[in-house]
Structures are given as C-alpha cells and as structure tokens.
2 protein chains.
Amino acid sequence: MSSAQETNIHKRNATIQEVARRAKVSVGTVSNVLNNSNAVSGLLQRRVEQAMRDLNYHPNNHARSLKSRRSSVIGIVISNITNPFFPLVLRGAESVIVRHGYMLTIFNTDDDIERERQIFSLLRTHRVDGMLAVVAPNPANDIAHIVQAIDMGIPVVCLDRTPHGLNIDSVVVDNVRGSAMCVRHLVDLGHRKIAIINGSSWLQTARDRYKGYEMALDEANIKIDRNLVREGDFRFDSGYKMTKDLLLNHPRPTALFVANGTMGLGALQGLNELAIHCPEQIALAVFDEIPGGRMLRPLITSVIQPAYDLGVKAGELLISRLTGKMSPDPVTITLQAELIIGESTIGSGRAAISRRSKNVLRKRK
Amino acid sequence: MSSAQETNIHKRNATIQEVARRAKVSVGTVSNVLNNSNAVSGLLQRRVEQAMRDLNYHPNNHARSLKSRRSSVIGIVISNITNPFFPLVLRGAESVIVRHGYMLTIFNTDDDIERERQIFSLLRTHRVDGMLAVVAPNPANDIAHIVQAIDMGIPVVCLDRTPHGLNIDSVVVDNVRGSAMCVRHLVDLGHRKIAIINGSSWLQTARDRYKGYEMALDEANIKIDRNLVREGDFRFDSGYKMTKDLLLNHPRPTALFVANGTMGLGALQGLNELAIHCPEQIALAVFDEIPGGRMLRPLITSVIQPAYDLGVKAGELLISRLTGKMSPDPVTITLQAELIIGESTIGSGRAAISRRSKNVLRKRK
DNA sequence: AAGGGATTCGAATACGCTCTCAAAACTGTG
DNA sequence: CACAGTTTTGAGAGCGTATTCGAATCCCTT
C-alpha cells in the first residue's frame, strides 16, 4: 500500500504554470478554462484538461482568493453543536451553501460573547465571504464586531437570535407566538398555576418565550406568580433542578412549561425522581423538540421548531446577499413553530393518542 | 445604527503596508510583531500594535498561506451531522484543534463515496493542513483520493471507520468487543434466538459489530440463524421495518440486538406498534446511544461509545502529525465502549416501575 | 488576395504576506 | 575613541492565481 514516505516524489502541488507548460499554452489560457471566462477553443480546452489530469492539478484557493478577493468560504457561528437543535440548522444551511460552491467553517461559542468576538476576528482574517451567526447572550449589548463585519462588506445573517437594537438580516422562529400557543393550550385545559422554566433572559429567544407565556396568561386573566417563573440556562441540569425546586415548594404548579428541549429532558428526570406522574399530577409542555422524544411515554406536548428550514432560509438569504442583487435593507424572516399535542398534557389513552396525534391534533400553520 | 451603506469609507481591509506606514516602520517589522519571529524592540512593538488597532487590521490569511504554505484549516468529513453520534465527535475534535490555532471546515458525505471524492478534491484546492474523515462505504474499495492526499503530505486521520486494506492513522471504537459484550449479556440471560439488525456490510463498523455478535454466539455454541440476521442502513426506517418484519415471521427471536442508536429508536417504534412489550416479550439491546435515551422507560440496555473522546483523540493525533515529531508509521487508537445494562433486557426495573405507576393512578382516582 | 472584423491567446502585473539577508544601530571593551 | 560583537531593522524576492489589454489568428467578404 502506498504511503507518504514511499511516494514523496511530487510533494509539491502542481501549479497553473506547470499545467500551462505541459499543455503548451499560456497561464492565462489555463486560467480561462478553469473559470471558463474567455472562450477557449475546443482543442486547447481539451489539451489543458488533459494536462490538469496528468498533473493531478488542484488550483490553489489561497492564490485565487488573494487575487479575486473572494474566498468561497462561509463561516457559521453557533452556540453549541451538541444541542440537538443545531445539527439540523447546520445541515439546512450547508445544503444550500454547498450547492452554490461555498465551504462551511464552523465554530462553537458556548454562548460566550468574548469567544464570539475572537471568532469574528478569526473569520475576518480568513476573509470569509459571509457569516451565519447564532449570537451569544450579550449583556453589554456590544455588537461592534458584527457591525464592523457588515461595514467591511461581509454579509452577516443572524440565525435563531437577533442582537438587540441592531437591524440586520435574520431568520428567526416566532418564539412569542409558539410559546403563547403552547401556554394557551395549557390554559384551555383548565390550568391556572402554570410554571415556566426559561433560559437566560440575556437571550432574545428566552425573553420572547417568556413574552408568549405572559400573553397567554394575560388573555386568560391569570396573574403571573413570580414564584412560578424560573430562569435557567437551557441546559439539562437547570431543567432538572428547577423542576424539583418548583415541585417541592409552594405554590405547587399544576402545569409546567419548559422553554427548551434539553431542559425538558432535565424536567422529566426531575419528575421521575420525585415520582410525580405526568399528566395525572402535572401537565408538561416543552418548547423545542426533546431528543428522541417521539419514543417517550407519555409523548410530550411540544412546540416544534423548523430547524432545518431555519438553516435553509438563512443560507438562501446569505447567498442572495452574496450574489448581490438585493435591496440593501436588512430583511427578517420569521418562521412559525408547530404545536404537537402529546399525552403529557391531555393524558387520555395511549393508543388513541398516538394515532390521533398524527392526523388530527397536529396544528398546522 | 451604523451599517454598510453609511460607513463604506474603508471598504478595503487595511494591509500590512498601511500598518507599516502608519507605524513608521517597515513591512518586515510588522510581520515580525505579528508572528513574533525576530525580536522587536518594545518601542516599535507598541507603535505597531497601536497602528494595527487604529486601522482595525486583520491580516489576510490567504496571502499568509500562499507564502507560508500553511492554511491553518483542517477539514472534517463526516457522514451526517444529523446522526447524534457526530456532534459529539465534532465537538471533541474542535476542542483540541481550535486550541492549536486551526479552523475546522465541515462536510457531510451522506455516506456517498462519490461525494467524498469531490470533498477531498475541494479540500485540497483549499490547501487544508490536514483532514479528519469518517469514510463512506466504498464497495469498489477505491481509496485513491485518500492515498493521494497523504502522498501530498496532508495528514489524514480516519475516524470511527477505517478504509479496508489501507494502513492509515485512525481512531476507532472496539466494535467487535463492544458488540460481543452486549450479545454475551443476552446469552447470559438465557436467550438463544437473538436477532441482529445491522448496518450496511460495506461499512467496517457494521462488519465488526456483526463479528462480535458471531463471536458471542459461537462461544455459547449457538448456531447463527440467517433468518435472524438483517442488514439495514443505520437509519430509523430500517430499524423500524426490520423489527416488524422479524417479529411477524418465524422463527421469532426472544432478543433483539440493534447495531446503532437511530435504528434502535426505529425498533422501539416497531415494538410499540406491535404492542410487544419489552423486556417481557422480547429483550432489546442497542449498540450506540439512543437520543434522549436516558429518559426512556424501559431504560434500554446499550453499548455507549466514547464519541467525544473519539474526536479528541483524533484531533490530537492529527495535531501531532502536523507538528511533526512523530514516527511516520500509521497509528491506530482503539477506544473501548461501555455496556450499560438497562431494563430492556433484565426487566426488574420495568416491572417495578409499571407496578408503581399503577398504584399511583389508583390512588389518585 | 487583401482587407476588416471577430475571436482567441499570452505577457505582464498585482494581490498581501513571509522570510532571507545585508545594513544599520546599538553595546561593551581595550 | 576605535573596533568587534550583538541586536534590530528594512528592502526585496517570491508564493500561485486572475485579469487586462495588446497581439496574433481566424473567418468572411469583396
């Protein structure tokens, strides 16, 4: 089997020069067939292509980018790929971006704004053509790095979250409405003491989900009880701890609304340990999909976000910025979430539900 | 709010030249402070840094790479980030790679070997410094693209799977042993008719998991019944369909070993629809983690892979190749999986839980 | 055969940076 | 103060490609 040590004959990549020489043609001509800019006669074209094959030529993207000022690379900055929401987003974005000839470079911020700044700087050094960003919570609301990127002509599309006070291209889920829809469902079932376990209020997402909660309760003339409002960090542990805390204290809620899937899993764990049954003893509804949730019993009522579509739309928006002909005004695309009603809130017979949930109870937008 | 239209004063990035001019210093000196190669006196150093700040200078990585022949980019090629196994791997790899100053570029092959080839070519055009690759099933075993990359001095570390017949750096899970351990557990519980739902036998991974199955049965002098061996594609649907198929035909297995998590979820769905209870009517064990599985009841017996660690180890291996001082011989690192015994095979837990839930229900009514 | 227009080709330059190497500026010593 | 030794600085040559624009070639017409 061949390996680097044996075959280090051509350790260097072939250059356009060498291709030209071998095809008995000038460098310019090779460049032309590469980018089929100027028409090249069939004969030369074939000769060049043959030479490229012979030399196993791979054009040097760095030289190309240096000259052309386009890198064909797009940076995507997310909070944490380990959160099951993001692989779908990534995949959606990738599907459109790759189709347009770009590469995707990925970074996790872990929701650390300082890290986000470093990453933006790095991406600028690498001269990416555009960025997709799930912005980190930003207490000081210091968005200079984003503004600067845009000012330098690098389109930035915000995904899932929007920095406060910055009018910028973005693709988001209608968190207010999704959340309201879900809480309304709980209200409709007769619940009055509905607790919420939310994420950090530094995140627009969390604020919006709270707003939806507020709206639904307002509509029903239910006064918000601060004791039933908890702020976690969108991680398993905070879902777990806050659930236990809520249920061991007064007033004890009859329904629990958890603002994301991972905390939702934590909540389930908590309920489990307390041997509190759902929906008999408490109703549970979750914003976001619970990983592997469709096999859970009871099936959890949840607000499903169009994650893949979010990525696709963001990718498309970025591409149309890149290809130029768009009004320069920032655009915001809002996607609707879908409420899937499971057994964790209505709690009737299991067989009936799983059948019905597919056909009837799925509220479409 | 600032935006591209208003502030397009410096649409062009500052260059090292401009920094030099502003700091009243030569280009070489600026370069030296950038890479602190030649010691630069404190005074000039400060002047240069100030100038960089003033001009908001971001060095052009393309120019740098063109000259230095190092891109500081590593490509990672996986089959599908949507498979929950991979985000962890990615994160593990990222954690070490970023720490060493590299960027990560990601591609999904969807297990399409042709796509893999295109991606390798693209990565070479972009002159990545190294690659991490989860190779696609490769019926013709045509690995020229991998060999070529290595021959050109681009280290490639294979992750999770190894191309057949190619001795190459790789980090894998001990699939044979993990699988054998799991099937042995089923045998120990007295099962003789143990079915397996495997992935494509083009994948080393799948072949190894089968080998473990075979070993465990051999040890127990159980003859393999081809009717109990199924080959799927590691996706939900094949787990679902094959489970139904297995359980509606003869001989009917008393235990089911599913070779990955996603198919495991499918199997659960299948059992659910057939109203076949686990573990009373069938024992279920799964290689790989089921998404959100820790909340499932019964808890599924599973072989947990060290996904994050796999990424870390692969990243470290690649980095040490990159930094040079390693024996040039290919290295294979094998990580062990862990068998977590749940209620889906031993069933005591399950009985306890379902009994408890009934009591509670009664109490409430 | 010659002229003119349309097509195709190629020499040369610039892109922004690193890195070598010689010159310049210091330092200390006799 | 002269000189050797040491540190610090800067000029310049590429890295591999895209692109411009004049030159060369081709194809028709007359």
Side-chain angles (χ1 to χ4, degrees), chain A residues 10-49 51-52 55-73 101 124-129 152-153, chain B residues 10-49 51-52 55-73 101 124-129 152-153:
Chain A
H10 43 214
K11 255 307 208 226
R12 246 193 66 256
N13 282 284
T15 73
I16 202 174
Q17 301 258 12
E18 293 163 8
V19 174
R21 201 176 315 138
R22 180 173 245 271
K24 295 190 195 318
V25 133
S26 87
V27 171
T29 303
V30 178
S31 175
N32 283 337
V33 351
L34 273 175
N35 316 299
N36 52 347
S37 31
N38 267 340
V40 175
S41 70
L43 174 66
L44 285 205
Q45 164 126 6
R46 250 167 290 126
R47 255 173 33 207
V48 168
E49 279 164 353
M52 297 201 301
L55 299 174
N56 193 11
Y57 172 66
H58 291 256
N60 183 326
N61 190 259
H62 297 304
R64 189 188 296 222
S65 300
L66 182 58
K67 182 67 189 158
S68 67
R69 298 159 173 294
R70 301 187 47 240
S71 63
S72 300
V73 176
R124 287 196 47 192
T125 276
H126 281 260
R127 296 292 187 272
V128 295
D129 291 336
M152 288 304 293
Chain B
H10 43 213
K11 253 310 208 225
R12 246 192 65 256
N13 282 285
T15 73
I16 202 174
Q17 301 257 13
E18 293 163 8
V19 174
R21 201 175 317 138
R22 181 173 244 271
K24 295 189 196 316
V25 132
S26 86
V27 172
T29 303
V30 178
S31 175
N32 283 337
V33 351
L34 273 176
N35 317 299
N36 53 347
S37 29
N38 267 341
V40 175
S41 69
L43 174 67
L44 286 205
Q45 165 128 4
R46 250 167 290 125
R47 252 168 44 203
V48 168
E49 278 164 354
M52 297 201 299
L55 298 173
N56 192 11
Y57 172 67
H58 291 258
N60 183 327
N61 189 259
H62 297 303
R64 183 184 296 207
S65 301
L66 183 57
K67 180 68 188 163
S68 67
R69 297 159 173 293
R70 301 187 48 239
S71 64
S72 300
V73 176
R124 287 195 47 191
T125 277
H126 282 259
R127 296 293 187 273
V128 295
D129 290 337
M152 289 303 293

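Per chain, numbering begins at 1; letters A, B, ... match sequence-line order. None of the values given here were measured: they were computed from a predicted structure.
Atom-to-atom distance recorded for A/Arg70:CZ and A/Arg64:CZ is 9.5 Å, nearest 0.5 angstrom. Going from atom CG of A/Asn60 over to atom OG1 of B/Thr125 covers 8.5 Å, rounded to the nearest 0.5 Å.
Put simply, CZ on A/Arg21 is 20 Å from P on C/dC9, counting in whole angstrom units. Separating the CG atom of B/Asn61 from the C1' atom of C/dC17 is a distance of 10 Å, rounded to the nearest angstrom. Rounded to a whole Å, the CG atom of B/Asn32 is 13 Å from the P atom of D/dA11. Atoms CE (A/Met52) and C1' (D/dT17) sit 14 Å apart, rounded to a whole Å. The distance from atom CG of A/Leu43 to atom C1' of C/dT7 is 15 Å, rounded to the nearest whole Å.
End-to-end axis angle for the helix from C/dA1-D/dT30 to C/dG30-D/dC1, using five pairs per end and rounding to 10°, comes out at 40°.
For B/Glu49, the side chain to side chain donor-acceptor pair (under 3.5 Å) partners two or more places apart in sequence, or in a different chain, are B/Gln45. Remark: B/Ser26 engages B/Thr29 in a side-chain contact (heavy atoms from CB on, under 4.5 Å) (not counting sequence neighbours). For B/Ser31, the side chain to side chain donor-acceptor pair (under 3.5 Å) partners at least two apart in sequence or on another chain are B/Asn35. Not counting sequence neighbours, the partners of A/Ser71 by the side-chain contact (heavy atoms from CB on, under 4.5 Å) test are A/Ser65, A/Val73, A/Asp129, B/His62. Listed by chain and residue number, nothing satisfies the side chain to side chain donor-acceptor pair (under 3.5 Å) test with B/Arg46 (two or more places apart in sequence, or in another chain). Looking at residues two or more places apart in sequence or on another chain, you find a side chain to side chain donor-acceptor pair (under 3.5 Å) between A/Asn56 and A/His58, B/Gln148.
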Could you write out each protein N or O paired with an N or O of nucleotides 12-16 of chain C at a distance under 3.5 Å?
unit_1, atom_1, unit_2, atom_2, d
C/dA14, N3, A/Lys67, NZ, 3.4
C/dC15, O3', A/Arg69, NH2, 3.4
C/dG16, OP1, A/Arg69, NH2, 2.8
C/dG16, N2, B/Ala63, O, 3.4

Show each protein N/O and nucleotides 5-8 of chain D N/O combination with a separation under 3.5 Å, one pair to a line.
none

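The closest side-chain heavy-atom distance from B/Val128 to B/Arg124 is not below 4.5 Å. Looking only at side-chain heavy atoms (C-beta outward), B/Ile16 and B/Pro59 stay at 4.5 Å or farther from each other.
The salt bridge (charged side-chain N to carboxylate O under 4.0 Å, His left out) pairs that include a residue from residues 18-40 of chain B are B/Arg12-B/Glu18, B/Arg22-B/Asp54, where partners are two or more places apart or lie in different chains.
OP1 or OP2 of C/dT18 has at least one side-chain nitrogen or oxygen of B/Ser31 nearer than 4.0 Å.
At the heavy-atom level, B/Asn35 lies under 4.0 Å from the strands shown only through sugar-phosphate atoms.
Where A/Val30 and B/Thr29 each meet DNA chain D at their nearest nucleotide, the meeting point lying more 5' is that of B/Thr29.
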